[in-house]
Amino acid sequence: MGFLGAVRRLGEMAGTGEALDSFLELPLPKQDLARELRVALRVTDVEETPLDVRGVAWVDQVDWWGGSDEDEVKRRRYFYREPAGSNITWSYSPVLRLGKPPASTREAWWTDPDPKKGKIAALRKRVLEAYEKEGFFSPGSVDRVVEDLLGMGPHLADLSSDAKHSHLLVVGVEEEGRFRYPGDVPAFREFFHRKTEEIVHSTGGRSKARGAHVCALCRTACDQAISLDEIFPFATFDKKNFLPGLDDGATLKTFPLCRDCFALLSQGKGIVDERWVRARSFGKIHLSVVPEMLFGHDVLGVTSDRVENFLRNGLRQEERFFNLLAGADEGMVVHFLFWEPNQDQQRIHLMVEDVPPSRLRRLLTLWQETRRAFEGVVRLGDSLDAAIATVYRSVSDLGGKNEQDTFRLGDMALGAVGRLLGGEDVDELELRRLFVAGLPALCADAKRVSRGGWESARMAAALDFVLRTQRRIAS
């Protein structure tokens, strides 16, 4: 089915839930030890729209993702979706990521009038003003909120005294002494609904259009289509020197989606981001893993149930990432996507599709052979993760401190990893040439020379492992 089909299937497995659930994302990974600052607005009537905001009742701090509610209930209380870009002046919900506060000058961190420096000014510009401008707050509401927050500068500085953890600002409503999250406030829900409907129904944007379209995934004809870049920001439609940027009308010819597939892909991507992404796994490169079940319950019975549990658990906390995948049964395949964040876009470096666990187990067996062969020569980890890291680092580290060489060799190293995962032939001769060419630089670096023969032994182990895979492919 491929990467996108597998993401869509994850959305199907998640169930339908509420109509807007497929649009919801998490502002932070739920396992982060982050601090949540809750701003409780004082309003005349929490159920009315627009909200007549009279000021700020109080601000407190709680642990991020706290409480005993189910995960989906917690997700709905924030009603969050990633902003459409870094240069826009509205957000889907009144939730603002603050990052880690400074160790000192924390009050200025809040009260600086520059939105790029002060968090209150950023909250006003990037979140609150849109609610008043579009009629979801009564006139003067934003001024009253900002005035009260500025007067709480010392209190806010005290609440954000933990400089080791990220902070999240959540604006809600006070009702009888308790905090109502954005997902429990009708005005905030209506604003979110309006913005998500604009994605689907707007006829003026570059990635929306009316007319006869055929969904690229389910092949269903639809009057309204949505471009894939609304979910995966891989495309460069703003660059006129890249197709389809030459023609604004050609955007939807690239990868149009019907509304159902858009909803399922959105929900599936949320699951991948939450459970199946490892940040900076290879230098600056992130790795997304999308598992896909091959058969239904009727075919695999108990085995399929076990695989489905495996899919639901995820592996964000798993240290031996590839080892866990190698231990899965044959009721699934895995798709790997290597990508790099680039402002509001994602640069794809490599995609490897349809990798069965049996291939990963074969690689693990061959790595164990290499490890035994080099016992007493160099210390090597015993996991498949160690094997992948050895191949990648042996090549990418040849660049030393030269940024251009590091970038070029990093791409080559990732290509070798991709070929191993894909069961393809790695150019062993090119690998030998790289290692031989890198030896003079290795010897010229005093720090690297001081490590003895460790790096050269690691190169030899990487080459040995690649040669064993080549012989297995040939046989």
Side-chain angles (χ1 to χ4, degrees), residues 1-25 72 75-76 79-85 88 90 92-93 134 189-240 242-274 288 290 292-293 296 335 337 339 344-346 348 351 353-354:
M1 188 184 296
F3 176 82
L4 290 177
V7 175
R8 185 183 188 277
R9 175 59 182 147
L10 286 177
E12 291 175 345
M13 289 177 60
T16 54
E18 296 184 21
L20 290 174
D21 277 0
S22 60
F23 292 93
L24 300 182
E25 299 173 345
E72 287 308 312
R75 185 193 301 270
R76 290 177 193 136
F79 239 63
Y80 181 84
R81 182 176 176 84
E82 194 73 17
I88 62 167
W90 60 268
Y92 286 99
S93 65
E134 300 190 31
R189 291 176 64 97
E190 290 172 25
F191 183 86
F192 185 97
H193 185 268
R194 173 185 289 185
K195 292 301 182 181
T196 52
E197 284 297 296
E198 288 176 1
I199 295 176
V200 180
H201 293 297
S202 173
T203 59
R206 59 173 174 77
S207 55
K208 305 98 179 171
R210 283 189 171 274
H213 299 282
V214 176
C215 176
L217 275 185
C218 69
R219 310 308 299 170
T220 300
C222 51
D223 289 334
Q224 292 177 321
I226 310 148
S227 173
L228 181 65
D229 76 302
E230 295 287 358
I231 305 173
F232 294 100
F234 298 150
T236 54
F237 297 123
D238 58 328
K239 307 283 193 305
K240 292 301 179 183
F242 289 98
L243 290 174
L246 292 171
D247 180 5
D248 289 335
T251 303
L252 276 170
K253 296 178 182 178
T254 306
F255 210 101
L257 297 171
C258 67
R259 180 165 183 160
D260 288 343
C261 286
F262 173 79
L264 292 172
L265 274 178
S266 295
Q267 191 147 342
K269 182 179 182 292
I271 294 171
V272 173
D273 291 345
E274 179 182 332
S288 295
V290 182
E292 177 186 353
M293 293 179 63
H335 311 284
L337 180 69
W339 56 276
D344 295 326
Q345 295 178 335
Q346 295 175 355
I348 298 178
M351 181 184 291
E353 296 183 304
D354 300 315

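Residue Cys215 comes nearest to Cys222 through the heavy atom pair N-SG, 4.5 Å, listed as atom of the first residue, atom of the second, then distance. Heavy-atom minimum distance, Cys261 versus Leu217: SG-CB, 4.0 Å. Closest of all the heavy-atom pairs between Ile226 and Arg259 is CD1-CA, 4.2 Å. Here the closest heavy-atom approach between residue Tyr92 and residue Phe191 is recorded as O-CD2, 3.7 Å. Nearest heavy-atom pair, Tyr80 versus Ser93, reported as atom, atom and distance to 0.1 Å: CA-OG, 3.5 Å.
Between Leu257 and Ile231 there is a side-chain heavy-atom pair separated by less than 4.5 Å. Contact of the Phe232 side chain with the Trp339 side chain is not registered, since no non-hydrogen atoms from C-beta on lie closer than 4.5 Å. Considering only heavy atoms from C-beta on, Val290 stays 4.5 Å or farther from Leu337 through its side chain. Counting heavy atoms from C-beta outward, Leu265 and Leu228 have side chains that approach closer than 4.5 Å. Under the 4.5 Å side-chain criterion, counting only non-hydrogen atoms from C-beta, Asp354 is in contact with His335.
Put simply, CD on Gln267 and CZ on Arg8 are 12.0 Å apart, with the number rounded to the nearest 0.5 Å. Between atom CD1 of residue Ile271 and atom CZ of residue Arg9 there is a gap of 10.5 Å, rounded to the nearest 0.5 Å. Rounded to the nearest 0.5 Å, atoms CG (Asp273) and OG (Ser288) are 6.5 Å apart. The OG1 atom of Thr196 sits 8.0 Å away from the CZ atom of Arg81 when rounded to the nearest 0.5 Å. Note that SG of Cys258 is 12.0 Å distant from NE2 of His213, once rounded to the nearest 0.5 Å.
By the 4.0 Å N-to-carboxylate-O rule, Glu190 lies too far from Arg194 to be salt-bridged with it. A salt bridge does not link Lys269 to Glu82: none of the charged side-chain nitrogens sits closer than 4.0 Å to a carboxylate oxygen.
Side chain of Glu353 to main chain of Gly2: no donor-acceptor pair is present (N/O by atom type, distance under 3.5 Å, no hydrogens or angles).
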